[in-house]
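This report concerns only the one structure given below.
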Amino acid sequence: MNDQEPAGEPQRRHRRDPDGHRAAILEAARHTFTERGYARTTLREIARRAGVTHGLISRQFSSKERLFLAAVPGNRDLEGVAAGDPATLPDRIAHGFVQRMETDAVGDPLVAVVRSAASDEGAATHLLAAMHEHSVAVYRSVLAPDTPAAPGDDMETRVALVGSYLIGVTFTRYIARTEPLASMPPEQFTEHVTRTLRHLLFD
């Protein structure tokens with residue numbers, strides 16, 4: 001009797017190796033999300049490619065949304081981009097956003113939200129909620145690190161407006177490719193984005 005894995009199937013990882021499992025899951029997730037898109041990707045497909053169980057992915061990442069945000073650039077890198085002087089936060093966010101999108105917009109979380117909204121509104125809603133929760137925590141750690149949320153605190157509103165704005169310009173420049181934003185030089189586009197983010201966060 002042949003106990004070997006079928007040809008072409010990923011080798012199931014039997015060793016207790018949390019770090020190795022996590023790395024394999026993230027690598028499989030990046031490839032699968034890129035190939036199939038957010039809405040059509042399943043955790044079972046990622047588990048098969050990573051050679052782990054579906055249950056292990058659920059235990060480590062809790063949901064498809066959180067795995068996506070951990071695996072792909074964008075939200076995953078927000079802490080590193082945001083860290084620094086609060087006064088120049090809009091500059092860092094704008095430069096990071098434009099550089100990321102100009103390099104590879106296809107697999108970006110914001111593009112995934114826009115595209116999945118057309119085919120699966122529920123998936124887009126869950127993904128956007130996870131992105132917003134993470135973004136609020138990061139922005140608060142920079143802008144008000146020692147101040148807990150209080151009545152009248154509008155941080156969540158400001159972050160939601162930032163997210164809505166970035167989704168809008170993502171659709172206009174990188175998906176629909178409509179003018180004048182589509183052909184605007186990246187440096188000029190970054191200047192416009194910076195000014196708008198500064199207004200939303202500080203004015």
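Side chains included, hydrogens not; waters and symmetry mates left out as well; all remaining heavy atoms used.
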Checklist entry - Does the side chain of T178 come within less than 4.5 Å of F171's, by heavy atoms? => result no
Checklist entry - Can you tell me how far the OG1 atom of T170 sits from the CZ atom of R100, to the nearest 0.5 Å? => result 7.5 Å
Checklist outcome for this item: To the nearest 0.5 Å, atom OG of S164 lies from atom CG of L128 at 7.0 Å
Item to check | Neighbour count above 12 (heavy atom, 6.0 Å) for Q188 CD | outcome: yes
Checklist entry - How many angstroms lie between CZ in F68 and NE2 in H126, if you round to the nearest 0.5 Å? => result 15.0 Å
Checklist entry - Roughly how far apart are I93 CD1 and T88 OG1, rounded to 0.5 Å? => result 10.0 Å
Checklist entry - Is there a donor-acceptor pair closer than 3.5 Å between any side-chain N or O of R173 and the backbone N or O of L181? => result yes
Checklist entry - Of all heavy-atom pairs between I57 and I46, which one has the smallest distance, and what is that distance? => result CD1-CG2, 3.8 Å
Next on the checklist: So which atom in A24 and which in A50 form the shortest heavy-atom distance, rounded to 0.1 Å?
Outcome noted: O-CB, 3.6 Å
Item to check | Pairing of E133 and R66 as salt bridge, 4.0 angstrom limit | outcome: yes
Next on the checklist: With side chain to side chain contact (heavy atoms under 4.5 Å, CB included) as the criterion, how do E156 and H132 come out once you've worked through the C-alpha distance, each side chain's angles and the decisive distance to 0.1 Å?
Outcome noted: CA-CA 8 Å; E156 286 204 30; H132 175 70; 3.6 Å; yes
Checklist entry - Which heavy atom in T32 sits nearest to a heavy atom in E45, and how many Å separate them? => result CG2-CG, 3.8 Å
Checklist entry - Between S183 and E179, is any side-chain donor less than 3.5 angstrom from a side-chain acceptor? => result yes
Checklist outcome for this item: F202 and P86 have their tightest heavy-atom pair at CZ-O, 3.3 Å
Item to check | Nearest non-hydrogen partners of L43 and S58, listed with the distance | outcome: CD1-OG, 4.4 Å
Checklist entry - Roughly how far apart are H31 NE2 and T41 OG1, rounded to 0.5 Å? => result 12.5 Å
Checklist entry - Within the side chain of R177, is there an N or O that forms a donor-acceptor pair under 3.5 Å with the backbone of A182? => result no
Name each donor-acceptor pair under 3.5 Å that joins a side chain in residues 193-200 to protein atoms two or more places apart or in another chain, with its distance.
from, atom 1, to, atom 2, distance (Å)
T194, OG1, T190, O, 2.8
R195, NH2, H192, ND1, 2.8
T196, OG1, H192, O, 3.1
R198, NH1, A87, O, 3.0
R198, NH2, D91, OD1, 2.4
H199, ND1, D203, OD2, 3.0

Item to check | Heavy-atom side-chain proximity of V142 to D85 below 4.5 angstrom | outcome: no
Checklist entry - Taking R92 for the side chain and A83 for the main chain, is one N or O donor matched with an acceptor at less than 3.5 Å? => result yes
Item to check | Side-chain donor/acceptor of S141 to backbone N/O of V138, under 3.5 Å | outcome: yes
Checklist entry - Thinking salt bridges, do R30 and E27 make one under a 4.0 Å N-O criterion? => result no
Item to check | Aromatic ring pairing F189/Y174, orientation class (parallel under 30°, perpendicular over 60°, tilted between) | outcome: perpendicular
Checklist entry - To the nearest 0.5 Å, how far apart are CG in L78 and NE2 in H134? => result 6.0 Å
Checklist entry - Do the side chains of V81 and F97 get nearer than 4.5 Å, heavy atoms only? => result no
